[in-house]
Asks: 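I have a structure here, written as structure tokens, and I will follow up with some questions on it.
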Amino acid sequence: MLGSCRGRTMNEVALKQYQSCWFIRSFEKAIAVQARAGNVPGLVHLSTGSEVADILLGQQLDPTRDHVTGSHRSHGLALACGADPVAVAKEILGREGGLSDGLAGTQHLLAPETGFLTSNGIVGAQVPLAAGGALSANTAAVGGIGVAVFGDGAANQGAVLETMNLAATLNLPMLFVMYNNGMAQTTAAVDATSGSYCARAESFGLTAWSADSDAYTDCLKTLRDAVTYTRLGSPAFVEVTVSRDHGHYFGDEERSEFPPSKAMACFAKWLSEQGVKDQLLNTARCAAEKDAAAAVAAAASAPFAAANALSPWLGVQGGTDG
Amino acid sequence: MLGSCRGRTMNEVALKQYQSCWFIRSFEKAIAVQARAGNVPGLVHLSTGSEVADILLGQQLDPTRDHVTGSHRSHGLALACGADPVAVAKEILGREGGLSDGLAGTQHLLAPETGFLTSNGIVGAQVPLAAGGALSANTAAVGGIGVAVFGDGAANQGAVLETMNLAATLNLPMLFVMYNNGMAQTTAAVDATSGSYCARAESFGLTAWSADSDAYTDCLKTLRDAVTYTRLGSPAFVEVTVSRDHGHYFGDEERSEFPPSKAMACFAKWLSEQGVKDQLLNTARCAAEKDAAAAVAAAASAPFAAANALSPWLGVQGGTDG
Amino acid sequence: MAEQVLTIRQALNSALHQAMADDDTIICIGEDIAENGGVFKVTEGLSGKFGAERMIDTPISETAFVGMGVGAAMTGLKPVVELMFCDFAGVCFDQIMNQAAKAQFLSNGRLKLPLVIRTTMGAGDGSGAMHSASLHSLFASIAGLTVVCPSNPADAAGLLKAAIRYDGPVIFMENKQLYDFEGPVVAGLPEISLGKARTIREGTDITIVAASAMGHRALAAVETLGTNGISAEVIDPRTIKPLDVGAIVDSVEKTGRLLVVDEGTAFAGFADAVIAAVSAQAFGSLRCAPMKLCPPDTPVPYAPAAELRWLPDSADIVEAATNMTEA
Amino acid sequence: MAEQVLTIRQALNSALHQAMADDDTIICIGEDIAENGGVFKVTEGLSGKFGAERMIDTPISETAFVGMGVGAAMTGLKPVVELMFCDFAGVCFDQIMNQAAKAQFLSNGRLKLPLVIRTTMGAGDGSGAMHSASLHSLFASIAGLTVVCPSNPADAAGLLKAAIRYDGPVIFMENKQLYDFEGPVVAGLPEISLGKARTIREGTDITIVAASAMGHRALAAVETLGTNGISAEVIDPRTIKPLDVGAIVDSVEKTGRLLVVDEGTAFAGFADAVIAAVSAQAFGSLRCAPMKLCPPDTPVPYAPAAELRWLPDSADIVEAATNMTEA
Ligand SMILES: Cc1ncc(C[n+]2csc(CCOP(=O)(O)OP(=O)(O)O)c2C)c(N)n1
Ligand SMILES: Cc1ncc(C[n+]2csc(CCOP(=O)(O)OP(=O)(O)O)c2C)c(N)n1
Ligand SMILES: [Mg+2]
Ligand SMILES: [Mg+2]
């Protein structure tokens, strides 16, 4: 679905990206419908609002040698890295055939075969893991990189801050990507963070960029430059401004006043300016919506993971099993 | 011993400080003698090399409203804050009548009555505690501050980095004092830390200074300015260059190549330049040496804490006692 | 005294309101606790009443703010720190294990440490492996910590008040699945002593020890057991540490059988602690092997059926108790 | 095969040399481990042999470098991470409890996690409350972790090799007090299976289970007990988890008595785990209450006499075992 872009014109590539963004957005919308219907086991944190960042980042990466980790809010990132949408949806819905057969769930998407190592329930904990990915890539000398994606709130966790210094000290090929959506749960970024994020990263010795996902070309160029720079062997940091179009989790009504993401509208406008016909935009969007709805529908019609999903893990450690 | 300095001339104050520095240095020397003789239970980390910083900092503080925490290497700081030298020495030697009757030891000196809350066996862990001191002082509106003293190695711990952001976010009257002695155990600061320490602190929104303890007036002014600034209600950071005249711990022979601290020689030179007679300097030094030796000797002749030092703590929690 | 029915959430909220009104030195620290009232709404309304000075919202920096709580407790405040999920203890565990737990000992009693860390526990709501753990025995295994796991509104309010007044660090564990559990409370929400178990059902054939949500499951099981002619006594320890071993031993001396039902770890957890303590003190009274019913030794699974299978339920309790009484 | 006498430190060092020579994917990560050879000198000489790429010195940032080890283990390397003292686990506990321990489960078996965290344990050298803990059961209570506590050079080397080859995360705990303990090893330092206990003394009257340094104290006690006519069997579990319950149960079925001597916590610790497991499986064989001998429930005190009092010693073991056999 979120396929490769080699050998195409720039417009074709961008249109495909646009379609992929719509795929994520529609996927999350379909998950929201499932959640409202009570078909999701717990709470879900939707990626709605960071689609453009997810896709532009994902397309700079190489599944055969890069290792990516994400936060609790990583449906879009996992898809952008190439994780199978049906398996992702099944995992989120707790179904058989989910990435981890429903044992892990929305906050723990693992698709290492695509380079998407894992997302994480603990804010910031994914960041040291990506340093390990960078270390492996470095040791194997395959030109791969580690990429950690985290939020503005996570930027205040010791795990994230320590890893910035560690990556710089060891000169790891590691890219820190901070999605600044202005909020951490109900706390505004400005209330929780003193100083600027880029200055912070620079103070640890990282090369830092910032970009706004509303500005397609800028954002693309920045992410591409940052990945290229990192691939040459040094750690870097990018702050990407995104939005959080739902509340912290879906159903968290109090935050519904947040404005919808402008990023995709801006992207569409830019495509129009490049001469891409509205009809093509519509076709891409419709195709994406259809594909995403189909993926989530396929997942929703699959059986819930059975109690015996646990069976392979019973007695593994010799603990007393209840 | 490390008494107050009100109502004296500047030279008198400085001479007294000089004497206090020699007190710490001689105290540590006497502890080293005890350690070599096998009279110290475990390893000790000596403050030799940071005496000038300890004393100049300690003298800016007010025991009635400030709260100070220190690292594993805090004998000098505790003394500079006014902890009873005999009780400190007894604690280091594991004797009855030590600050904690020998239960805590060299890395856990607690003299809250002097404002010296605690030192710490875990690198960096004392720093959040000082934020609590700052919060208490702030809440009580007594104009007090929290002060955390830590090393260049500790500056890479999440606890320290998180607390910088927290203090800035809450606008706590908290002073971060980093003693840069260039080494953490056997790791050179330059190998473990990327970027500059002051830039790091500034990136978290702290006002930052640096000073060299070899330069008496500068160091004094910087610490005084920083304490004054913090007392007005905002967090700040000071990097003080000190030396580590022994190895990481006493007896860690491999590091004996470190050059002896110049700070006290510089201090003496400065005093001479101010017209303080050599004889006065000698008298101060001799008095300090005598006092320190007497304090440690008094401690060393006290009985080791007995097994029943533990008694008050047995059964407190209802656990099964062995 | 006047009785009233409250949920645990409401009881905790009222207790905090009362305690903070009575004592200026009590402050609350945590993520999203002030204006937002906490993600579980336990601190709702407190910031309007007591202001931003006493209701402190923090960045996502648990080590820094738990440590700040420890330092504040050393210097005259009585902080109540909210750690959103006990699973997050990992990111601030040094401040709990080495700083909060050891400070009083290291000061040889010169320091008081009136710190409460309120946190949650409990699986059953599809929150997955890092938002569902029950780490009460992890905390209880650390010398210096008091650990409380209330199961009803009156206990929750009364024990929280006691925890706040206590001079040492207390980990106060609220079960997410019980926040809406209703029960009677008397006016004034009287304090309840730490360290005292409560017999929530009397019986003669078997003693079931079950804290927090497991107490409710045990009560449900007791009904079925009763219809099968088995009379079970259920003890809610309420405080995990210090554990009221005496109350449990008294019961086992009467019933001769012990079953511990617990949502924590099956290996070196609360269940093992109870079994070992009872074996040491009442071995002669035991008519059969003391047993435990705990989840399998895996992280908490996400999918509903697997999570259901993972948690001990009343059918499991009935089966275990029946096996023990028949043996 | 040729026998040789080595200290535990030397045996561990040789095992690392051999393992790293045999497998390029093994790397070491930690503070002061490369040129300095580690503060306990276990990694001495490795950096000269294998270079800075495979012997990685880090800043004092345990969360970052333990997490880096976890991530590296997910992506093809076999990291051996040194955590200088187990007391420091607090500053990186999330990476141990939630990341290392849960990754394989969360991947439903798709990820391997060949990670070893080497750390130390053990009181007795005046290191004080934050450099002396024995947290083996804290780790063992977390589903997904394997925990190893060797007591002699051959076991140390053989178990370390097995731990490095194992697909899951292993906490490998070296007792500081035993680094200089000497013992015979055979050439090649053969691997020893995880999860197998060893009977280090046969006896008929009482089973004493004791890991790490406590095994040595138990052996000393056995001599005295023997002269008093009590024949004690001593089992060194070697692996704390998975625990070789079978070996212990077999022994208790023979002796009828169980004493667990352990340096870890007395509440919800290893001792309780053994007692509960044996009670469940061999209750009928127990001739008296299974007992434990653990330190008092306090942090490790600093002053020598208090620390001595704190640690169970062989006189305590003799007394406990004597009481049990006389009862
Ligand atoms: C260590 C830890 N603390 C708190 C939480 C609860 N929590 C989950 S997401 C979140 C906010 C994260 O904000 P941010 O990093 O900006 O990501 P966003 O939700 O905006 O994508 C919080 C506080 C957690 N999961 N882990
Ligand atoms: C969390 C933690 N990691 C490692 C250690 C071991 N350790 C004790 S002191 C020290 C070096 C500290 O360096 P620095 O902060 O510069 O202080 P200095 O010793 O130079 O005064 C180390 C690594 C520790 N005590 N705690
Ligand atoms: Mg955010
Ligand atoms: Mg240093």
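Because the structure is predicted, anything quoted here is derived from the model rather than measured. To find a chain, count down the sequence lines: A is the first, B the second, and so on, and within it residues start at 1.
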Asks: Give the member of C:Asp57, C:Ile60, C:Ile56 that has the highest number of heavy-atom pairs under 4.5 Å with chain B.
Replies: C:Ile56
Asks: Distance from C:Arg238 atom CZ to C:Leu159 atom CG, nearest 0.5 Å?
Replies: 6.0 Å
Asks: Holding to ring pair (Phe, Tyr, Trp, His ring centres under 6.0 Å), I want the full list of residues that pass it with B:Phe237, two or more places apart in sequence or in another chain.
Replies: none
Asks: Most heavy-atom pairs under 4.5 angstrom with chain C, which of B:Ala104, B:Ala125, B:Ala159?
Replies: B:Ala125
Asks: Report the option among B:Asp101, B:Thr163, B:Ile122, B:Thr169 that has the most heavy-atom pairs separated by less than 4.5 Å from atoms of chain C.
Replies: B:Ile122
Asks: Select one option (side chain, backbone, both, neither) describing which atoms of B:Leu109 are under 4.5 Å from chain C's heavy atoms.
Replies: neither
Asks: Measure distances from B:Gln126 to the heavy atoms of chain C and classify the residue's part below 4.5 Å as side chain, backbone, both or neither.
Replies: neither
Asks: Could you list the residues that satisfy ring pair (Phe, Tyr, Trp, His ring centres under 6.0 Å) with B:His72, not counting sequence neighbours?
Replies: B:His45, B:His248
Asks: Give me the one residue out of C:Val80, C:Ile29, C:Thr43, C:Leu16 that meets side chain to side chain contact (heavy atoms under 4.5 Å, CB included) with C:Met55.
Replies: C:Thr43
Asks: So which atom in C:Phe65 and which in C:Gly30 form the shortest heavy-atom distance, rounded to 0.1 Å?
Replies: CE1-CA, 4.1 Å
Asks: Among all residues two or more places apart in sequence or in another chain, which pass the ring pair (Phe, Tyr, Trp, His ring centres under 6.0 Å) test with C:Phe50?
Replies: none
Asks: Give the minimum heavy-atom separation between C:Cys92 and C:Leu83, together with the two atoms involved.
Replies: SG-CD1, 3.9 Å
Asks: Quick one: of C:Met74, C:Glu53, C:Glu62, C:Gln95, who has the most non-hydrogen atom pairs under 4.5 Å with chain B?
Replies: C:Gln95
Asks: As a test of understanding, state which of C:Lys196, C:Arg165, C:Lys161 forms a salt bridge (Lys or Arg N to Asp or Glu O under 4.0 Å) with C:Glu191.
Replies: C:Arg165
Asks: Only heavy atoms, only distances under 4.5 angstrom. Which residues in residues 134-156 of chain B are near chain C?
Replies: B:Leu135, B:Ser136, B:Thr139
Asks: Pairing donors with acceptors under 3.5 angstrom, does anything connect the side chains of B:Gln60 and B:Asp66?
Replies: no
Asks: Counting heavy-atom pairs under 4.5 Å to chain C, which of B:Gly102, B:Pro128, B:Pro112 comes out on top?
Replies: B:Pro128
